[in-house]
Amino acid sequence: MNSIFNQLNDLKKEKNAIILAHIYQRPEIHDIADFIGDSLDLSKKVVATDAETIVFCGVHFMAETAHILNPNKKVLIPDINAGCPMADMITVQELKNFKSKFKNPFVIAYINTSAEIKAHSDICCTSSNAVNILRHVASSNKHLDILFIPDRNLGNYVQKVSGIKINVWNGFCPTHNNFILPEYVLKAKKEHPLAEVLVHPECRPEVIEIANYAMSTGTMCKYIKNSNNKDFIIGTEIGILYRLKKENPNKNFYPVTNLSECPNMKKTTIEKVFDVLKNTKNIVSVNDKIRKKAYLSIYKMLNVPC
């Protein structure tokens, strides 16, 4: 393992490359990454990097976003087939049909969408800034018909928290929606009565209802680091547990269920990272016409005051 670490470091220097990894990646990918974060953290890091090559350890829409923000850099993805089922739950034609039902449609697109969908949207959001983005949009124009795509669970969550009426598309994350279930949460609470329950807002409403807090992965990491509590039940993709344990060795973490694993996130391996960097494979790029339109929706998100 040390040998491949050393070879990767040499390759990174040779190609002026940076390795970015989503928090749901395998432990060994955490260990080789230059930066680990959630979608918002990674979007900001992509904008700030001076590297000529970005190896994005995540799923396809994330690598697309990196290219949209850095069209002059090479963006590589270790596994070209690492997709996102939720992002695939809405097509451009379906979005056009959805918009046609409203007089003044304004589309907030979750970052978990394809470049084409972003290009047909008005602004993007992540799970950590979705409530703030919705409030910002609603305050700027009282007569908009706000459409939220594609995640119904995140959409319903931000609608409830903000008190602002929106129209939500019926997509979902299979990992959060299908495997993090209320009965698992209740069982974990019974087994660990002193633990706080933290879940991702991509979870079902009935899961969020019985949790202590719903928060993005990035917010979750910060909250736990600053908390005096020692025990936490975690309701999101289990890849986050490696970072939580690493950053908080004196605290205890219990997944709601070990079934909450994203198979696409786990397609990335060290061998694939080494291969794409050495051979400059799996370049992710976006058609320039689509890229420019998609850029605007991401740019607007990044410039909304926190």
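In the model, Asp145 has no side-chain atom that pairs as donor or acceptor with a side-chain atom of Asn104 under 3.5 Å. Defined by atom type and a distance below 3.5 Å, a donor-acceptor pair is present between the side-chain atoms of Tyr24 and Thr236. In summary, the side chains of His200 and Ser216 do not present any donor paired with an acceptor at a separation below 3.5 Å, with no hydrogens or angles considered. No side-chain donor-acceptor contact under 3.5 Å links Lys293 and Ser121. Residues Asn112 and Asp151 bring no donor and acceptor atom of their side chains to less than 3.5 Å of each other.
Residues Val92 and Lys96 are in side-chain contact: their nearest non-hydrogen atoms beyond the backbone lie under 4.5 Å apart. Ile133 has its side chain within reach of Met301: a pair of non-hydrogen atoms, C-beta onward, lies under 4.5 Å apart. Here the side chains of Val75 and Ile283 are not in contact, with every heavy-atom distance at 4.5 Å or above.
Between His30 and Tyr242, the angle of the ring planes goes over 60°, which puts this pair in the perpendicular group of the 30/60° scheme.
Leu296 and Leu302 fall into different hydrophobic clusters, defined by Ile, Leu, Val, Met, Phe, Trp and Tyr side-chain heavy atoms under 4.5 Å apart, directly or through other members.
Classification of Glu183 and Lys187 as a salt-bridged pair fails, no side-chain N sitting under 4.0 Å from a carboxylate O. The pair Lys292-Asp288 counts as a salt bridge, with a side-chain nitrogen and a carboxylate oxygen less than 4.0 angstrom apart. Comment: Asp275 engages Lys281 in a salt bridge, judged by a side-chain N to carboxylate O separation of less than 4.0 angstrom. Ion pairing of Lys266 with Glu237 is present here, as a side-chain N (NZ or NE/NH1/NH2) and a carboxylate O approach within less than 4.0 Å. Under the 4.0 Å criterion applied to side-chain N and carboxylate O atoms, Lys12 and Asp34 are assigned as salt-bridge partners.
Partners of Tyr295 by ring pair (Phe, Tyr, Trp, His ring centres under 6.0 Å), not counting sequence neighbours, listed by chain and number: Tyr299. Taking Phe232 as the reference, Phe253 meet the ring pair (Phe, Tyr, Trp, His ring centres under 6.0 Å) condition, with sequence neighbours excluded. Partners of His67 under the ring pair (Phe, Tyr, Trp, His ring centres under 6.0 Å) rule, at least two apart in sequence or in another chain, do not exist in this structure.
None of Thr269, Ile32, Thr268 except one satisfies the side-chain contact (heavy atoms from CB on, under 4.5 Å) rule with Arg26; the exception is Thr269.
Taking the six-membered ring for Trp and the full ring otherwise, Phe102 and Phe98 have centroids separated by under 6.0 Å. If you look at Trp169 and Phe148, their ring centroids are not closer than 6.0 Å.
Remark: the backbone N or O of Leu244 is paired with a side-chain donor or acceptor of Asn248 at under 3.5 angstrom.
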